[in-house]
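Here the structure is a predicted model, which means the values were calculated and not measured. Just so you know, ligand 1 is whichever comes first in the structure, and atom 1 is the first atom listed for that ligand. One is the number of the first residue; the rest follow in order along the sequence.
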Amino acid sequence: MPVDMVLHNAKIYIRGRIVEAGLAIDEGRIIRIAKETNLPPASTKLNLKGHVTLPGLIDSHVHLRNQQLAYKEDFFSGTAAAAAGGVTLTIDMPNNKPVTMDSISLRERMRLAERRAVVNVAFYSAFPQKLEEVPSIVKEGAMAFKLYMSEKIGGLDIDDDKLLLQAFNRVAKMGVPVAVHAEDRKILETKRREMEKTGRKDVEAYVKARPPEAEAQAIKRIVQLAKKSGVQVHFCHVSSAVGLNAFLTAKKDGLPVTCEVTPHHLLLSLEHLKRYRTLALTNPPLRTRKDVIALWSALKQGFIDALASDHAPHTVEEKEVESVWDAKPGIPGLETTLPLLLTQVSEGRLTIADLVRLTSEKPAEIFNLRNRGCLEEGNWADIVVVDINRKYKIDSSNFYSKAKYSPFDGWSVKGKPTKTFVNGQLVMDEGEIVAKPGTSQIVRWKG
Ligand code: DOR
Ligand code: ZN
Ligand code: ZN
(Lines give C-alpha, C1' and ligand atoms only; values in the text may rest on other atoms or scores of the structure.)
(Ligands and ions follow the chains in the order given, each with its own letter.)
Protein backbone atom coordinates (compact mmCIF):
# COMPACT_ATOMS: atom_id res chain seq x y z
CA MET A 1 0.00 0.00 0.00
CA PRO A 2 1.42 3.41 -0.92
CA VAL A 3 1.64 6.01 1.85
CA ASP A 4 -0.51 9.15 1.63
CA MET A 5 2.17 11.59 0.55
CA VAL A 6 5.84 12.03 -0.13
CA LEU A 7 7.47 15.46 -0.12
CA HIS A 8 10.76 15.22 -1.96
CA ASN A 9 13.64 17.45 -3.00
CA ALA A 10 13.50 19.40 0.26
CA LYS A 11 16.03 21.00 2.58
CA ILE A 12 14.71 19.79 5.91
CA TYR A 13 15.60 21.28 9.29
CA ILE A 14 16.41 18.35 11.54
CA ARG A 15 17.95 18.81 14.98
CA GLY A 16 20.06 21.84 14.17
CA ARG A 17 20.99 20.91 10.63
CA ILE A 18 19.53 21.44 7.17
CA VAL A 19 19.47 18.07 5.40
CA GLU A 20 18.70 17.41 1.74
CA ALA A 21 16.04 14.73 1.95
CA GLY A 22 12.38 13.88 1.58
CA LEU A 23 9.53 13.13 3.94
CA ALA A 24 6.89 10.40 3.83
CA ILE A 25 3.55 11.15 5.46
CA ASP A 26 0.81 8.68 6.35
CA GLU A 27 -2.36 9.28 8.36
CA GLY A 28 -1.18 12.76 9.26
CA ARG A 29 2.18 11.71 10.66
CA ILE A 30 5.73 11.80 9.41
CA ILE A 31 6.63 8.15 9.00
CA ARG A 32 10.00 8.48 7.31
CA ILE A 33 12.64 11.13 6.65
CA ALA A 34 15.22 9.86 4.18
CA LYS A 35 16.94 10.34 0.86
CA GLU A 36 14.44 10.06 -1.98
CA THR A 37 15.48 6.57 -3.05
CA ASN A 38 14.70 5.28 0.42
CA LEU A 39 11.19 6.71 0.64
CA PRO A 40 8.15 4.45 0.16
CA PRO A 41 5.77 4.75 -2.81
CA ALA A 42 3.08 7.38 -2.26
CA SER A 43 -0.38 8.29 -3.58
CA THR A 44 0.73 11.92 -3.92
CA LYS A 45 4.25 13.14 -4.61
CA LEU A 46 5.17 16.77 -4.23
CA ASN A 47 8.46 18.28 -5.32
CA LEU A 48 9.52 20.99 -2.84
CA LYS A 49 12.12 22.26 -5.32
CA GLY A 50 14.94 22.52 -2.83
CA HIS A 51 13.09 24.83 -0.46
CA VAL A 52 13.81 25.04 3.25
CA THR A 53 11.31 22.95 5.20
CA LEU A 54 10.71 23.72 8.87
CA PRO A 55 8.38 22.54 11.62
CA GLY A 56 5.19 24.60 11.48
CA LEU A 57 5.13 27.46 13.95
CA ILE A 58 3.39 26.97 17.29
CA ASP A 59 2.03 30.36 18.27
CA SER A 60 1.33 30.30 21.97
CA HIS A 61 -0.37 33.69 22.03
CA VAL A 62 -3.30 34.21 19.67
CA HIS A 63 -6.68 35.91 20.06
CA LEU A 64 -8.97 34.11 17.60
CA ARG A 65 -12.09 35.90 18.98
CA ASN A 66 -15.24 34.50 17.23
CA GLN A 67 -18.58 34.41 19.11
CA GLN A 68 -19.64 37.98 19.96
CA LEU A 69 -16.28 39.32 18.77
CA ALA A 70 -16.49 37.62 15.36
CA TYR A 71 -16.60 41.03 13.70
CA LYS A 72 -12.90 41.35 14.67
CA GLU A 73 -11.86 37.78 13.82
CA ASP A 74 -13.34 34.30 13.70
CA PHE A 75 -12.00 30.78 13.75
CA PHE A 76 -11.78 30.61 9.97
CA SER A 77 -10.25 34.04 9.30
CA GLY A 78 -7.82 33.71 12.22
CA THR A 79 -6.63 30.21 11.38
CA ALA A 80 -6.43 31.07 7.66
CA ALA A 81 -4.14 33.93 8.70
CA ALA A 82 -2.14 31.40 10.73
CA ALA A 83 -1.82 29.02 7.77
CA ALA A 84 -0.77 31.90 5.50
CA GLY A 85 1.90 32.76 8.06
CA GLY A 86 3.25 29.20 8.42
CA VAL A 87 1.64 28.70 11.83
CA THR A 88 0.23 25.19 12.27
CA LEU A 89 -0.99 25.45 15.85
CA THR A 90 -2.39 28.43 17.71
CA ILE A 91 -3.17 28.59 21.41
CA ASP A 92 -6.28 30.71 21.78
CA MET A 93 -6.60 33.35 24.51
CA PRO A 94 -9.64 33.42 26.81
CA ASN A 95 -10.58 37.15 26.84
CA ASN A 96 -13.57 36.50 24.63
CA LYS A 97 -17.24 37.38 24.77
CA PRO A 98 -18.22 35.27 26.67
CA VAL A 99 -14.91 34.82 28.55
CA THR A 100 -13.50 31.27 28.36
CA MET A 101 -13.51 30.45 32.08
CA ASP A 102 -15.24 27.13 32.71
CA SER A 103 -15.72 23.78 31.04
CA ILE A 104 -18.96 24.90 29.37
CA SER A 105 -17.52 28.01 27.70
CA LEU A 106 -14.40 26.05 26.74
CA ARG A 107 -16.41 23.21 25.22
CA GLU A 108 -18.43 25.71 23.19
CA ARG A 109 -15.29 27.32 21.76
CA MET A 110 -13.89 23.90 20.91
CA ARG A 111 -17.14 23.00 19.16
CA LEU A 112 -17.07 26.19 17.07
CA ALA A 113 -13.38 25.88 16.21
CA GLU A 114 -13.74 22.25 15.22
CA ARG A 115 -16.09 23.25 12.40
CA ARG A 116 -14.21 26.28 11.14
CA ALA A 117 -10.48 26.08 11.80
CA VAL A 118 -7.85 25.21 9.19
CA VAL A 119 -4.89 24.90 11.58
CA ASN A 120 -4.72 23.09 14.92
CA VAL A 121 -6.14 25.02 17.84
CA ALA A 122 -5.53 24.59 21.56
CA PHE A 123 -7.10 26.73 24.26
CA TYR A 124 -6.35 28.74 27.35
CA SER A 125 -8.94 29.21 30.03
CA ALA A 126 -9.19 32.14 32.41
CA PHE A 127 -9.61 31.19 36.07
CA PRO A 128 -13.12 30.22 37.12
CA GLN A 129 -14.92 31.93 39.98
CA LYS A 130 -15.02 28.65 41.90
CA LEU A 131 -11.54 27.18 42.09
CA GLU A 132 -13.02 23.69 42.54
CA GLU A 133 -13.78 23.89 38.81
CA VAL A 134 -10.08 23.97 37.88
CA PRO A 135 -9.82 20.17 37.37
CA SER A 136 -12.91 20.03 35.14
CA ILE A 137 -11.43 22.73 32.88
CA VAL A 138 -8.21 20.74 32.52
CA LYS A 139 -10.17 17.54 31.88
CA GLU A 140 -12.05 19.36 29.14
CA GLY A 141 -8.64 19.94 27.53
CA ALA A 142 -7.43 23.48 28.38
CA MET A 143 -3.69 23.66 27.66
CA ALA A 144 -3.05 26.26 30.35
CA PHE A 145 -4.67 28.97 32.45
CA LYS A 146 -4.29 32.62 31.55
CA LEU A 147 -4.08 35.26 34.23
CA TYR A 148 -4.35 38.96 33.43
CA MET A 149 -2.75 41.08 36.16
CA SER A 150 -3.77 44.28 34.35
CA GLU A 151 -7.54 43.90 34.70
CA LYS A 152 -9.97 41.34 36.00
CA ILE A 153 -10.73 38.83 33.25
CA GLY A 154 -12.29 35.64 34.61
CA GLY A 155 -13.30 34.81 38.15
CA LEU A 156 -10.31 35.79 40.30
CA ASP A 157 -9.81 38.93 42.35
CA ILE A 158 -6.34 39.82 41.11
CA ASP A 159 -5.63 42.13 44.04
CA ASP A 160 -5.84 39.21 46.47
CA ASP A 161 -2.51 37.36 46.62
CA LYS A 162 -3.92 34.75 49.00
CA LEU A 163 -6.56 33.83 46.46
CA LEU A 164 -4.00 33.82 43.65
CA LEU A 165 -1.89 31.41 45.69
CA GLN A 166 -4.87 29.09 46.17
CA ALA A 167 -5.47 29.21 42.42
CA PHE A 168 -1.81 28.47 41.67
CA ASN A 169 -1.80 25.56 44.14
CA ARG A 170 -4.77 24.02 42.34
CA VAL A 171 -3.19 24.45 38.94
CA ALA A 172 0.16 23.09 40.14
CA LYS A 173 -1.63 19.87 41.13
CA MET A 174 -3.01 19.50 37.62
CA GLY A 175 0.41 19.99 36.02
CA VAL A 176 -0.62 22.65 33.50
CA PRO A 177 1.15 26.01 33.20
CA VAL A 178 -0.23 29.45 34.03
CA ALA A 179 0.44 32.12 31.40
CA VAL A 180 0.53 35.65 32.78
CA HIS A 181 -0.09 39.07 31.29
CA ALA A 182 2.20 40.89 33.70
CA GLU A 183 1.23 44.52 34.24
CA ASP A 184 0.18 45.53 37.74
CA ARG A 185 -3.43 46.76 37.81
CA LYS A 186 -2.95 49.23 40.67
CA ILE A 187 0.04 50.95 39.09
CA LEU A 188 -1.81 51.19 35.77
CA GLU A 189 -4.86 52.68 37.44
CA THR A 190 -2.93 55.32 39.36
CA LYS A 191 -0.85 56.33 36.36
CA ARG A 192 -3.83 56.46 34.05
CA ARG A 193 -5.73 58.73 36.42
CA GLU A 194 -2.71 61.05 36.56
CA MET A 195 -2.44 61.17 32.78
CA GLU A 196 -6.15 61.63 32.15
CA LYS A 197 -6.16 64.57 34.58
CA THR A 198 -3.65 66.36 32.37
CA GLY A 199 -6.15 66.14 29.52
CA ARG A 200 -3.64 64.43 27.23
CA LYS A 201 -4.99 62.01 24.63
CA ASP A 202 -1.82 61.10 22.73
CA VAL A 203 -0.01 57.78 22.49
CA GLU A 204 2.91 59.01 24.57
CA ALA A 205 0.52 59.68 27.45
CA TYR A 206 -0.72 56.10 27.09
CA VAL A 207 2.85 54.80 27.33
CA LYS A 208 3.44 56.88 30.46
CA ALA A 209 0.30 55.33 31.94
CA ARG A 210 1.69 51.83 31.40
CA PRO A 211 5.28 52.12 32.66
CA PRO A 212 7.86 49.28 32.67
CA GLU A 213 7.64 49.27 36.49
CA ALA A 214 4.10 47.95 36.20
CA GLU A 215 5.52 44.97 34.31
CA ALA A 216 8.39 44.40 36.74
CA GLN A 217 6.11 44.67 39.76
CA ALA A 218 3.61 42.15 38.38
CA ILE A 219 6.39 39.71 37.47
CA LYS A 220 7.87 39.97 40.99
CA ARG A 221 4.49 39.32 42.58
CA ILE A 222 3.82 36.31 40.40
CA VAL A 223 7.32 34.91 40.97
CA GLN A 224 6.68 34.88 44.73
CA LEU A 225 3.49 32.91 44.16
CA ALA A 226 5.24 30.57 41.74
CA LYS A 227 7.88 29.90 44.38
CA LYS A 228 5.27 29.03 47.01
CA SER A 229 3.06 26.91 44.78
CA GLY A 230 5.59 25.31 42.46
CA VAL A 231 3.37 26.10 39.48
CA GLN A 232 4.95 26.45 36.05
CA VAL A 233 4.60 30.09 34.97
CA HIS A 234 4.89 31.40 31.42
CA PHE A 235 5.24 35.19 31.15
CA CYS A 236 3.58 36.55 28.03
CA HIS A 237 5.05 39.34 25.89
CA VAL A 238 7.87 40.57 28.18
CA SER A 239 8.58 44.05 26.88
CA SER A 240 10.98 46.01 29.09
CA ALA A 241 14.48 45.79 30.51
CA VAL A 242 13.24 45.98 34.10
CA GLY A 243 10.54 43.39 33.46
CA LEU A 244 13.11 41.15 31.87
CA ASN A 245 15.44 41.55 34.86
CA ALA A 246 12.70 40.50 37.25
CA PHE A 247 12.08 37.45 35.09
CA LEU A 248 15.77 36.58 34.74
CA THR A 249 16.30 36.74 38.49
CA ALA A 250 13.62 34.07 38.92
CA LYS A 251 14.96 31.99 36.06
CA LYS A 252 18.48 32.10 37.45
CA ASP A 253 17.07 31.03 40.83
CA GLY A 254 15.95 27.86 39.09
CA LEU A 255 12.21 28.50 39.26
CA PRO A 256 10.05 26.84 36.59
CA VAL A 257 9.46 30.07 34.67
CA THR A 258 9.51 30.72 30.94
CA CYS A 259 8.84 33.81 28.87
CA GLU A 260 7.84 34.87 25.42
CA VAL A 261 8.62 37.99 23.41
CA THR A 262 6.66 39.34 20.44
CA PRO A 263 8.09 40.42 17.08
CA HIS A 264 6.60 43.91 17.61
CA HIS A 265 8.44 44.41 20.89
CA LEU A 266 11.65 43.19 19.24
CA LEU A 267 11.39 45.25 16.08
CA LEU A 268 9.49 48.40 17.04
CA SER A 269 9.99 51.11 19.65
CA LEU A 270 8.55 54.44 20.73
CA GLU A 271 9.59 56.14 17.47
CA HIS A 272 7.31 53.75 15.57
CA LEU A 273 4.49 54.33 18.01
CA LYS A 274 4.72 58.07 17.41
CA ARG A 275 4.60 57.46 13.66
CA TYR A 276 1.84 54.82 13.51
CA ARG A 277 -0.06 56.13 16.52
CA THR A 278 -2.97 54.03 17.73
CA LEU A 279 -2.45 51.45 14.94
CA ALA A 280 0.67 50.37 16.82
CA LEU A 281 -0.98 50.58 20.22
CA THR A 282 -0.72 47.35 22.19
CA ASN A 283 -0.47 46.15 25.79
CA PRO A 284 2.17 46.20 27.07
CA PRO A 285 3.06 49.17 24.88
CA LEU A 286 6.08 49.54 22.64
CA ARG A 287 9.11 50.59 24.65
CA THR A 288 12.35 52.55 24.26
CA ARG A 289 15.28 51.45 22.11
CA LYS A 290 17.15 50.54 25.28
CA ASP A 291 14.41 48.08 26.17
CA VAL A 292 14.55 46.62 22.67
CA ILE A 293 18.31 46.17 22.99
CA ALA A 294 17.83 44.39 26.33
CA LEU A 295 15.31 41.98 24.75
CA TRP A 296 17.70 41.15 21.91
CA SER A 297 20.59 40.67 24.27
CA ALA A 298 18.58 38.23 26.43
CA LEU A 299 17.40 36.45 23.31
CA LYS A 300 20.93 36.01 22.00
CA GLN A 301 22.03 34.65 25.38
CA GLY A 302 19.29 32.03 25.23
CA PHE A 303 17.17 33.45 28.07
CA ILE A 304 14.04 34.00 25.99
CA ASP A 305 12.04 30.80 25.65
CA ALA A 306 9.60 31.60 22.90
CA LEU A 307 8.48 34.08 20.28
CA ALA A 308 4.74 34.54 19.94
CA SER A 309 2.70 36.96 17.86
CA ASP A 310 0.10 38.14 20.40
CA HIS A 311 -2.16 38.33 17.35
CA ALA A 312 -4.81 40.72 18.73
CA PRO A 313 -7.15 41.76 15.92
CA HIS A 314 -9.51 44.76 16.05
CA THR A 315 -11.30 46.74 13.35
CA VAL A 316 -9.53 49.74 11.85
CA GLU A 317 -12.41 51.89 13.17
CA GLU A 318 -11.67 50.69 16.70
CA LYS A 319 -7.98 51.54 16.23
CA GLU A 320 -8.11 54.88 14.48
CA VAL A 321 -9.85 57.08 17.00
CA GLU A 322 -9.20 60.58 18.26
CA SER A 323 -8.38 59.84 21.89
CA VAL A 324 -5.84 57.18 22.74
CA TRP A 325 -7.97 56.21 25.74
CA ASP A 326 -10.72 55.04 23.36
CA ALA A 327 -8.41 53.04 21.08
CA LYS A 328 -8.34 49.24 21.24
CA PRO A 329 -4.86 47.89 21.94
CA GLY A 330 -3.62 45.02 19.79
CA ILE A 331 -1.69 44.22 16.63
CA PRO A 332 -2.44 41.36 14.22
CA GLY A 333 0.71 39.29 13.89
CA LEU A 334 0.00 35.84 12.48
CA GLU A 335 0.84 36.82 8.92
CA THR A 336 3.93 38.88 9.69
CA THR A 337 5.79 36.86 12.35
CA LEU A 338 7.56 34.37 10.09
CA PRO A 339 8.48 36.78 7.24
CA LEU A 340 9.83 39.26 9.81
CA LEU A 341 11.85 36.58 11.59
CA LEU A 342 13.18 35.09 8.33
CA THR A 343 14.30 38.61 7.43
CA GLN A 344 16.19 38.74 10.73
CA VAL A 345 17.79 35.41 9.78
CA SER A 346 18.81 36.72 6.37
CA GLU A 347 20.32 39.79 8.05
CA GLY A 348 22.27 37.60 10.46
CA ARG A 349 20.56 38.74 13.67
CA LEU A 350 18.99 35.34 14.23
CA THR A 351 19.93 31.81 13.17
CA ILE A 352 17.52 29.30 11.69
CA ALA A 353 18.16 27.21 14.81
CA ASP A 354 17.10 30.15 17.04
CA LEU A 355 13.99 30.64 14.95
CA VAL A 356 12.92 26.99 15.11
CA ARG A 357 13.70 26.72 18.80
CA LEU A 358 11.77 29.88 19.69
CA THR A 359 8.75 29.33 17.45
CA SER A 360 8.32 25.55 17.45
CA GLU A 361 10.50 23.42 19.71
CA LYS A 362 10.18 25.37 22.96
CA PRO A 363 6.48 26.23 22.66
CA ALA A 364 5.79 22.49 22.17
CA GLU A 365 7.82 21.73 25.29
CA ILE A 366 6.32 24.48 27.48
CA PHE A 367 2.74 23.52 26.62
CA ASN A 368 3.36 19.78 26.57
CA LEU A 369 2.30 19.43 22.93
CA ARG A 370 3.33 15.87 22.29
CA ASN A 371 4.64 14.78 18.88
CA ARG A 372 4.79 18.34 17.64
CA GLY A 373 7.41 21.09 17.43
CA CYS A 374 10.03 19.31 15.33
CA LEU A 375 10.27 17.28 12.15
CA GLU A 376 10.83 13.76 13.37
CA GLU A 377 9.53 10.33 12.43
CA GLY A 378 6.36 9.65 14.44
CA ASN A 379 5.47 13.32 14.85
CA TRP A 380 2.45 14.99 13.30
CA ALA A 381 3.28 16.38 9.86
CA ASP A 382 2.95 20.06 10.79
CA ILE A 383 5.25 21.65 8.27
CA VAL A 384 6.03 25.00 6.70
CA VAL A 385 7.97 25.32 3.46
CA VAL A 386 9.69 28.66 3.05
CA ASP A 387 11.31 30.48 0.16
CA ILE A 388 14.16 32.13 2.03
CA ASN A 389 15.13 34.26 -0.96
CA ARG A 390 11.72 35.72 -1.79
CA LYS A 391 11.70 39.50 -1.30
CA TYR A 392 8.46 41.42 -1.01
CA LYS A 393 6.69 44.13 0.93
CA ILE A 394 4.25 43.48 3.75
CA ASP A 395 0.78 44.52 2.65
CA SER A 396 -1.95 44.17 5.25
CA SER A 397 -4.67 44.56 2.61
CA ASN A 398 -3.79 40.98 1.60
CA PHE A 399 -4.21 39.55 5.11
CA TYR A 400 -6.64 36.68 5.72
CA SER A 401 -7.12 38.19 9.15
CA LYS A 402 -10.10 40.54 9.34
CA ALA A 403 -7.70 43.03 10.93
CA LYS A 404 -6.26 44.60 7.79
CA TYR A 405 -3.71 46.92 9.35
CA SER A 406 -0.15 46.51 10.53
CA PRO A 407 2.64 48.71 11.84
CA PHE A 408 4.83 46.63 9.50
CA ASP A 409 2.92 47.68 6.38
CA GLY A 410 5.31 48.51 3.58
CA TRP A 411 8.28 46.86 5.31
CA SER A 412 10.59 44.99 2.95
CA VAL A 413 11.01 41.39 4.02
CA LYS A 414 13.03 38.48 2.71
CA GLY A 415 11.60 35.00 3.24
CA LYS A 416 8.07 33.80 2.60
CA PRO A 417 6.07 30.80 3.76
CA THR A 418 4.94 29.13 0.53
CA LYS A 419 3.29 25.91 1.74
CA THR A 420 1.78 24.98 5.09
CA PHE A 421 0.86 21.41 5.99
CA VAL A 422 -1.27 20.66 9.04
CA ASN A 423 -1.45 17.03 10.20
CA GLY A 424 -0.14 16.04 6.76
CA GLN A 425 -2.71 18.03 4.84
CA LEU A 426 -1.74 20.88 2.52
CA VAL A 427 -3.61 23.88 3.91
CA MET A 428 -1.84 26.85 2.32
CA ASP A 429 -0.23 26.80 -1.11
CA GLU A 430 1.48 29.93 -2.47
CA GLY A 431 -0.67 32.18 -0.34
CA GLU A 432 -3.96 30.41 -1.12
CA ILE A 433 -5.94 28.55 1.53
CA VAL A 434 -6.64 25.17 -0.06
CA ALA A 435 -8.18 23.22 2.85
CA LYS A 436 -11.81 23.12 3.84
CA PRO A 437 -12.76 24.71 7.17
CA GLY A 438 -12.89 22.18 9.97
CA THR A 439 -10.18 19.82 8.73
CA SER A 440 -7.63 20.45 11.49
CA GLN A 441 -7.52 19.21 15.09
CA ILE A 442 -8.56 20.59 18.42
CA VAL A 443 -5.53 19.85 20.58
CA ARG A 444 -6.36 19.02 24.18
CA TRP A 445 -4.18 18.76 27.26
CA LYS A 446 -3.15 15.20 27.95
CA GLY A 447 -1.86 14.86 31.47
O1 DOR B 1 -2.74 44.60 23.26
C2 DOR B 1 -3.44 43.75 23.78
N3 DOR B 1 -4.54 43.27 23.17
N4 DOR B 1 -3.13 43.28 25.00
C5 DOR B 1 -3.96 42.47 25.70
O6 DOR B 1 -3.63 42.08 26.78
C7 DOR B 1 -5.27 42.08 25.13
C8 DOR B 1 -5.20 42.13 23.66
C9 DOR B 1 -6.57 42.01 23.03
O10 DOR B 1 -7.29 41.06 23.36
O11 DOR B 1 -6.89 42.81 22.15
ZN1 ZN C 1 -1.46 40.24 27.16
ZN1 ZN D 1 -2.71 38.91 24.08
Output the list of atoms in ligand 1 that are nearer than 4.0 Å to some heavy atom of [X], sorted by atom number.
X      : answer
His181 : 6 (O)
Ala312 : 3 (N), 8 (C), 9 (C), 11 (O)
Gly330 : 1 (O), 3 (N)
Thr282 : 1 (O)

Shortest protein heavy-atom distance from [atom], along with the residue and atom involved:
atom                    : answer
atom 10 (O) of ligand 1 : Asn95 ND2, 2.7 Å
atom 3 (N) of ligand 1  : Pro329 O, 3.0 Å
atom 4 (N) of ligand 1  : Asn283 O, 3.1 Å

Legend entry - Matching residue for Arg210 among Glu215, Glu189, Glu204, Glu183 - test: salt bridge (charged side-chain N to carboxylate O under 4.0 Å, His left out):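 Single pass found, and it is Glu183.
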Legend entry - Within 45° cone of Tyr392 ring axis and under 6.0 Å: Lys416 NZ or CZ: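 That pair qualifies as a cation-pi contact.
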Inset, instruction - Taking the six-membered ring of Phe303 (Phe, Tyr or Trp), confirm whether the NZ or CZ of Lys252 is under 6.0 Å from its centre and within 45° of its axis. - result: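 Because its charged atom sits under 6.0 Å from the ring centre and within 45° of the axis, Lys252 does stack over Phe303.
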Inset, instruction - Give a yes or no on whether His61 keeps an N, O or S atom under 2.8 Å from the Zn ion (ligand 2). - result: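 Checking the Zn ion (ligand 2) against His61, no N, O or S atom falls under 2.8 Å.
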Inset, instruction - Write the atom name of the N, O or S atom in His237 that is nearest the Zn ion (ligand 2). - result: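 The atom in question is NE2.
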Legend entry - Heteroatom of His181 nearest to the Zn ion (ligand 2) (N, O or S, atom name):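 Considering only N, O and S atoms, His181 comes nearest to the Zn ion (ligand 2) through ND1.
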Inset, instruction - Answer yes or no for His314: is there a heavy-atom contact with ligand 1 below 4.0 Å? - result: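 For ligand 1, residue contact (heavy atoms, under 4.0 Å) with His314 is present.
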Legend entry - Sub-4.0 Å heavy-atom approach of Arg65 to ligand 1: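 Yes, that is the case, since the closest heavy atom of the residue is under 4.0 Å from the ligand.
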Inset, instruction - Report yes if the side chains of Thr337 and Leu307 come closer than 4.5 Å at any heavy-atom pair, otherwise no. - result: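 No. Closest side-chain heavy atoms not under 4.5 Å.
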Parallel, tilted or perpendicular: rings of [Y] and [X] (30°, 60°):
X      : Y      : answer
Trp325 : Tyr206 : tilted
Phe235 : Phe247 : perpendicular
Trp411 : Phe408 : perpendicular

Inset, instruction - For the pair Asp74 and Ser77, evaluate side chain to side chain donor-acceptor pair (under 3.5 Å) and give the outcome as yes or no after the intermediate values. - result: CA-CA 5 Å; Asp74 62 42; Ser77 62; 3.3 Å; yes
Inset, instruction - Give a yes or no on this: more than 12 heavy atoms of other residues, nucleotides or ligands lie within 6.0 Å of atom CD of Gln301. - result: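 Yes, because the 6.0 Å sphere around CD of Gln301 holds more than 12 heavy atoms from other groups.
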Legend entry - Proximal heteroatom of Asp310 relative to the Zn ion (ligand 3) (N/O/S):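 This turns out to be OD1.
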